[in-house]
Trainee: 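Take a look at the following structure, please.
In this text, all values refer to a predicted model and were calculated from it rather than measured experimentally. Throughout, residue positions are numbered sequentially from 1 according to the sequence presented.
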Amino acid sequence: MCKDKKNAPIAVIDSGVGGISVLSELLRIMPHESYIYFADSKNAPYGVKTRDEVLAIMLENTKILLGEGAKAIVVACNTATSAAVRVMREKYPSLPIVGIEPAIKPAALVCEHPTVVVMATPLTLKEEKFKNLMDRFASDEEIIPLACPGLMEIIESGQTDGEVVDAYVRDVFAPLGDKKIDAVVLGCTHYPFVKKTLEKFLGDNVVILDGAAGTAREAKRRIEAAGLLCESDDHRIEYLFTKENDDKEELCKRLLSQLK
């Protein structure tokens with residue numbers, strides 16, 4: 001295996017800043033790797049596009065990232081994972097490609113027959129893969145899908161706490177009333193950035209889970225299996241945005257430091 005290939009960067013792709021939550025976990029378990037954070041802001045949001053449109057976008061983005069020298073790709077977006085990862089793997093069988101999956105399975109283990117709320121964008125909740133995942137565990141737990149329209153956009157604007165976020169969380173959970181909740185699954189990579197507000201609102205007895213840690217572990221497993229783990233300490237993070245004059249690099253860096 002070429003040493004330069006091992007020292008090449010891992011690409012993390014999302015349509016916005018949400019994938020920073022996955023990048024944070026990747027840095028935690030693979031701190032010596034270099035990374036390209038690729039925010040496809042020109043095509044954001046993916047959730048309003050058809051599956052075929054998202055697939056075409058992701059295949060084009062894969063070409064761009066391979067041109068940037070990426071040795072692996074982590075798709076840090078539920079919509080893009082569902083629409084494109086299988087085809088990406090078929091097209092590039094030697095390239096480690098990892099998608100994200102909501103943490104519904106670990107949520108099923110927090111207690112016996114738990115009540116689990118799955119927070120996600122309205123469109124994500126309609127995706128067949130997402131519904132199949134929820135249906136798989138529905139016999140062991142009560143799963144309550146909770147659509148969160150607009151929350152991603154609030155976070156994209158840089159608001160991760162304060163009055164706007166407090167009011168949003170209060171309003172979106174209001175229909176559940178006093179229902180006892182055992183776990184909350186964050187079904188969008190943006191949502192970990194409001195975790196502190198959720199913890200404050202839900203209390204200490206509710207477990208909050210997201211798919212970032214599992215995605216990072218799977219990425220390391222695939223990269224290691226391909227013999228591509230980094231051999232250098234000269235690591236770096238590069239930010240790429242597809243929209244001209246996008247000024248979100250500082251927001252990405254702030255969000256990344258917020259999760260450390």
Trainee: Is F193 reachable from V172 through a run of hydrophobic residues whose side-chain heavy atoms are each under 4.5 Å from the next?
Mentor: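 Yes; tracing contacts between hydrophobic side chains, which count when under 4.5 Å, links both residues.
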Trainee: Between L59 and L240, is there a shared hydrophobic cluster once you connect ILVMFWY residues whose side-chain heavy atoms come closer than 4.5 Å?
Mentor: yes
Trainee: Would you say CD of E90 has more than 12 non-hydrogen atoms from neighbouring residues, nucleotides or ligands within 6.0 angstrom?
Mentor: yes
Trainee: OH of Y46 to OG1 of T81: how many Å apart, nearest 0.5 Å?
Mentor: 10.5 Å
Trainee: Any side-chain donor paired with an acceptor under 3.5 Å for T197 and D161?
Mentor: no
Trainee: With side-chain hydrogen bond (donor to acceptor under 3.5 Å, both in side chains) as the test, would you mind laying out the steps for N132 and D135 before giving the verdict?
Mentor: CA-CA 5 Å; N132 289 343; D135 290 345; over 6 Å; no
Trainee: If you count the non-hydrogen atoms of other residues, nucleotides and ligands that lie under 6.0 Å from CG in N205, is the total more than 12?
Mentor: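 Count not over threshold, so no.
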Trainee: Just wondering, do V164 and I154 contact through their side chains at under 4.5 Å, heavy atoms?
Mentor: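 They are in side-chain contact.
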Trainee: Just wondering, more than 12 heavy atoms not from R89 lying within 6.0 Å of its CZ?
Mentor: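 Enclosed: over 12 neighbouring heavy atoms sit under 6.0 Å from CZ of R89.
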Trainee: Please walk me through it: do K248 and E156 pass salt bridge (charged side-chain N to carboxylate O under 4.0 Å, His left out)?
Mentor: CA-CA 9 Å; K248 288 188 176 179; E156 281 284 330; 2.5 Å; yes
Trainee: Given R51 and S82, is the side-chain hydrogen bond (donor to acceptor under 3.5 Å, both in side chains) satisfied, shown in steps?
Mentor: CA-CA 8 Å; R51 175 180 290 267; S82 180; 3.3 Å; yes
Trainee: Please lay out, stage by stage, how D40 and S15 fare under the test side-chain hydrogen bond (donor to acceptor under 3.5 Å, both in side chains).
Mentor: CA-CA 4 Å; D40 188 15; S15 62; over 6 Å; no
